[in-house]
Amino acid sequence: MLQLSYIRDNANEIIERLKVRNFDGQEVIDYIVSLDKERRETQTKLDTEQGEMNKISKKIGELFKSGKRDEAEEYKAKTGELKEAVKKHHTKLNEIDEKLQGLLYQVPNVPNKIVPAGKSDADNEIIEEVGQKPTFDFEPKPHWDLAKEFELIDFELGNKITGAGFPLYTGKGARLQRALKEFFLNEAIEAGYVEVMPPLLVNEDTGKGTGQLPDKEGQMYHTELDHLFLIPTAEVPITNIYRDVIIKEDQFPIKHCGYTPCFRREAGSYGKDVRGLNRLHQFDKVEIVQVTHPEKSYEALDEMVSYVRSIIEKLELPYRVARLCGGDLGFTSALTYDMEVYSAAQDKWLEVSSISNFETFQANRLKARFKDKNGKMQLAHTLNGSALAFPRILAAILENNQTKDGINIPKALVPFTGFDKI
RNA sequence: GGAGAGGUGGCAGAGUGGUAAUGCAGCGGAUUGCUAAUCCGUAGUCGCCUAACAGCGGCUCCCGAGUUCGAGUCUCGGUCUCUCCGCCA
């Protein structure tokens with residue numbers, strides 16, 4: 001959520017920059033600005049009236065104390081009209097606030113100046129491509145065939161137990177998942193991220209804090225009875241650690257990592273994209289999160305990108321880095337880099353990480369603040385990224401490393417799998 | 001699931017209708033051979049007024065409604081936490 005004061009002072013610039021994400025903000029921003037003006041006028045009136053009330057009440061109190069009951073009664077009689085006015089303006093203020101809140105929730109984050117214009121992922125700016133695509137002297141098989149052949153994943157069983165998009169990993173497949181978890185967490189801790197193991201169900205306040213709620217509840221599984229949500233990413237519980245927290249400036253940068261399963265309804269997905277491990281309702285991921293001083297957040301973003309590069313390189317996977325265009329940029333993000341690994345048999349780039357700077361957009365909802373050197377409260381900046389999502393990494397490892405008689409495990413994982421070949 | 005207790009400023013903790021004690025910590029200042037000690041100030045938020053600082057005012061004692069000239073205090077609803085019992089990994 002953008003700050004009201006920021007909108008008030010920069011309305012035109014905001015409208016202009018939102019165009020990059022194909023968001024026409026003219027109407028809603030104009031409405032916000034005019035409502036804000038009305039709100040302030042109303043509050044000024046209300047404040048004056050309430051101040052008047054307070055004075056009279058105080059006076060009556062004094063009169064009662066000194067036994068001047070008659071005089072007190074006179075003052076009492078005077079309050080009726082004032083009370084009505086207070087009530088009226090109070091109601092009006094509440095109404096305006098509610099409306100304003102609803103409108104503010106509709107405005108996405110302002111894209112960073114370097115975000116390219118564009119409609120879809122096809123317009124993302126590929127910044128760099130690293131590594132060699134593998135070559136084969138036979139027809140490489142897609143991972144879903146390999147998974148079946150080597151009994152790594154049983155999609156049918158997952159289907160039976162739960163439904164589509166909930167695979168059951170078996171044998172070496174399961175062991176590989178565990179190895180990825182171990183490897184990713186160890187690397188992150190090595191890089192200075194403090195591990196947390198958060199709850200997998202979150203309440204409504206938490207969902208609002210990071211921007212999943214309101215409006216995007218359709219993407220999350222919801223437990224009806226207890227009104228809790230299954231997390232779509234560890235970003236949600238981890239970033240919410242800092243909801244309503246006043247951070248000490250010397251704590252910056254705060255760095256966390258965490259492994260969690262993630263649950264996504266993926267309403268509306270269909271077709272080829274959902275084949276095999278490409279798009280699941282439940283998957284595992286290690287997430288990295290940073291909370292930083294506003295002046296340091298882009299530095300942190302770069303650091304996170306190079307960290308994620310380093311682990312992909314250790315897994316010996318060809319990858320590329322994309323700067324998301326306005327049309328593909330998430331609602332809450334100001335700048336996002338996607339990391340995509342090449343998966344040979346599908347001949348596709350698979351998104352395995354999305355690294356974003358939200359600037360103050362989340363912090364504003366979260367009220368994640370710190371006192372700066374001048375003693376002023378300021379919003380912190382929040383960032384996060386996948387490091388990494390397991391299924392597509394697994395898909396790429398299987399497809400890229402297949403040979404005629406098996407699949408080679410990247411060296412970095414061998415200490416955790418206990419085998420170097422499938 | 002049953003019963004009870006309780007949510008007060010960063011923390012601790014008073015306050016049963018008259019406008020939020022006190023202690024600790026942090027920060028700023030004063031004093032000061034140094035250190036220690038001492039003293040003073042210091043919550044957040046919204047608004048008015050400012051070039052800015054300052055100043056003034058409103059709101060905030062979990063949330064919402066109500067009673068009252070006046071609510072942390074009384075009434076109703078909601079919510080969260082804790083304790084005991086039951087169930088259970």
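Chain naming here is simple, since letters A, B, ... match the order of the sequence lines and numbering starts at 1 in each.
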Trainee: Given that both distances must come in under 3.5 Å, which nucleotide forms a Watson-Crick or G-U wobble pair with B/rG26?
Mentor: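 Its partner is B/rU42.
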Trainee: Once you apply the 3.5 Å cut-off to both distances, tell me the Watson-Crick or G-U wobble partner of B/rC61, or none.
Mentor: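 None - no nucleotide pairs with B/rC61, as no candidate has both distances under 3.5 Å.
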Trainee: Write down the distance separating the P atoms in B/rU35 and B/rU50, rounded off to the nearest Å.
Mentor: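 To the nearest whole Å, 45 Å.
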Trainee: Got A/F252 and A/V291 here, is their nearest side-chain heavy-atom distance under 4.5 Å?
Mentor: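 They are in side-chain contact.
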Trainee: Measure the distance from CG on A/L379 to C1' on B/rG44 and round it to the nearest whole Å.
Mentor: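 Computing the A/L379:CG to B/rG44:C1' distance gives 13 Å.
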Trainee: Looking only at atom P, what distance separates B/rA65 and B/rU60, rounded to whole Å?
Mentor: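 Going atom to atom, P in each nucleotide, I get 11 Å.
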Trainee: Once you round it to whole Å, what is the distance between C1' of B/rG10 and CD1 of A/I247?
Mentor: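 Interatomic distance, CD1 of A/I247 to C1' of B/rG10: 14 Å.
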Trainee: So, A/H381 versus A/Y298, ring centres under 6.0 angstrom or not?
Mentor: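 No, too far apart.
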Trainee: How far does the C1' atom of B/rG64 sit from the matching atom of B/rG26, given to the nearest Å?
Mentor: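 After rounding to an integer number of Å, I get 34 Å for this pair.
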Trainee: Across all strands shown, which nucleotide pairs with B/rC34 by Watson-Crick or G-U wobble geometry, both distances under 3.5 Å?
Mentor: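 In the structure as shown, B/rC34 has no Watson-Crick or wobble partner.
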Trainee: Can you give one letter per nucleotide of nucleotides 50-70 of chain B, 5' to 3': B if a protein heavy atom sits under 4.0 Å from the base, S if only from the sugar-phosphate, - if neither?
Mentor: -------BSS------S--BS
Trainee: Is the phosphate of B/rC49 approached by A/R40 (side-chain N or O, under 4.0 Å from OP1 or OP2)?
Mentor: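 For B/rC49, neither OP1 nor OP2 has a side-chain N or O of A/R40 closer than 4.0 Å.
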Trainee: Can you measure A/K371 atom NZ to B/rA43 atom P for me and round it to whole angstrom units?
Mentor: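 A/K371 atom NZ is separated from B/rA43 atom P by 8 Å.
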Trainee: A/D226 has an atom CG; how far is it from atom C1' of B/rU79, in whole Å?
Mentor: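 Rounded to whole Å, this separation is 14 Å.
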Trainee: Say you pick atom P in B/rG58 and the same atom in B/rA3; how far apart are they, in whole Å?
Mentor: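 So the two P atoms sit 44 Å from each other.
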Trainee: Please give the distance between the C1' atoms of B/rG17 and B/rU67 as a whole number of Å.
Mentor: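 Those two atoms are separated by 12 Å.
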Trainee: Mind calculating the distance between CG (A/D97) and P (B/rU45) to the nearest angstrom?
Mentor: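 Taking atom P of B/rU45 as the reference, CG of A/D97 is at 16 Å.
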Trainee: On RNA chain B, does the nearest nucleotide to A/K248 precede the nearest nucleotide to A/R39 from the 5' side, or the other way round? Give the residue.
Mentor: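 Upstream on the strand: A/K248.
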Trainee: Give me each pair satisfying salt bridge (Lys or Arg N to Asp or Glu O under 4.0 Å) with a member in residues 82-97 of chain A, each pair once, sequence neighbours excluded.
Mentor: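 For residues 82-97 of chain A, and leaving out neighbouring residues, the salt bridge (Lys or Arg N to Asp or Glu O under 4.0 Å) pairs sorted by first residue read A/E38-A/K92, A/R39-A/D97.
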Trainee: Both distances below 3.5 Å, Watson-Crick or wobble geometry, any strand: find the nucleotide opposite B/rG86.
Mentor: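 Across any shown strand, B/rG86 pairs with none.
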Trainee: Go nucleotide by nucleotide along RNA chain B from the 5' end; which of A/I246 and A/M377 gets its closest nucleotide reached first?
Mentor: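 Here A/I246 is the residue nearer the 5' end.
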Trainee: Measuring only between side-chain heavy atoms, which start at C-beta, is A/F150 closer than 4.5 Å to A/I407?
Mentor: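 A/F150 reaches A/I407 side chain to side chain.
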Trainee: Taking B/rA14 as the reference, what is the distance to B/rA21 when you measure between their P atoms (whole Å, please)?
Mentor: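 Rounded to whole Å, the distance is 15 Å.
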Trainee: For residues 47-63 of chain A, tabulate all N or O donor-acceptor pairs below 3.5 Å that involve a side-chain atom, not counting sequence neighbours.
Mentor:
residue: A/D47; atom: OD2; partner: A/Q43; partner atom: NE2; Å: 3.3
residue: A/T48; atom: OG1; partner: A/T44; partner atom: O; Å: 2.7
residue: A/E49; atom: OE1; partner: A/H89; partner atom: ND1; Å: 3.0
residue: A/E49; atom: OE2; partner: A/H89; partner atom: ND1; Å: 3.1
residue: A/S57; atom: OG; partner: A/M53; partner atom: O; Å: 3.2

Trainee: Is the shortest side-chain N/O distance from A/R369 to OP1 or OP2 of B/rG44 below 4.0 Å?
Mentor: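 So the side-chain polar atoms of A/R369 never come under 4.0 Å of the phosphate oxygens OP1 or OP2 of B/rG44.
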Trainee: Strictly by ring pair (Phe, Tyr, Trp, His ring centres under 6.0 Å), give each pair with a member in residues 215-250 of chain A just once, sequence neighbours left out.
Mentor: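 Every pair satisfying ring pair (Phe, Tyr, Trp, His ring centres under 6.0 Å) with a residue in residues 215-250 of chain A: A/H222-A/H227, A/H222-A/F229, A/H227-A/F229, A/Y242-A/H256.
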Trainee: Can you tell me the Watson-Crick or wobble partner of B/rA54, both distances under 3.5 angstrom?
Mentor: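 By the stated definition (distances under 3.5 Å), nothing pairs with B/rA54.
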Trainee: May I ask which nucleotide in the shown strands pairs with B/rG17, Watson-Crick or G-U wobble, both distances under 3.5 Å?
Mentor: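 By the stated definition (distances under 3.5 Å), nothing pairs with B/rG17.
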Trainee: B/rA5 pairs with which nucleotide, Watson-Crick or G-U wobble, both distances below 3.5 Å?
Mentor: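 Paired with B/rA5, as far as the under-3.5 Å criterion goes, is B/rU81.
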Trainee: Sort out the partner of B/rC49 for me: Watson-Crick or G-U wobble, both distances under 3.5 Å, none otherwise.
Mentor: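 Matched B/rC49 with nothing under the 3.5 Å cut-off.
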Trainee: Aromatic rings A/F331 and A/F361: how do their planes relate, parallel, tilted or perpendicular, breaks at 30° and 60°?
Mentor: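 Answer is perpendicular, since the angle exceeds 60°.
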Trainee: Give every residue pair that meets the side chain to side chain donor-acceptor pair (under 3.5 Å) criterion with at least one member in residues 153-178 of chain A, sequence neighbours excluded.
Mentor: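 For residues 153-178 of chain A, and leaving out neighbouring residues, there are no side chain to side chain donor-acceptor pair (under 3.5 Å) pairs at all.
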Trainee: Over how many whole Å does the gap from A/D244 atom CG to B/rG10 atom P extend?
Mentor: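 For the pair A/D244 CG and B/rG10 P, the rounded distance is 11 Å.
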Trainee: Using atom P of each nucleotide, how far apart are B/rG44 and B/rG9 to the nearest Å?
Mentor: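 Those two atoms are separated by 14 Å.
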Trainee: Partners of A/K45 by salt bridge (Lys or Arg N to Asp or Glu O under 4.0 Å), sequence neighbours excluded?
Mentor: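 Testing A/K45 for salt bridge (Lys or Arg N to Asp or Glu O under 4.0 Å), a comparison that skips the adjacent residues, returns none.
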Trainee: Determine the interatomic distance between P on B/rC82 and the same-named atom on B/rC69; round to the nearest Å.
Mentor: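 About 41 Å, rounded to a whole number of Å.
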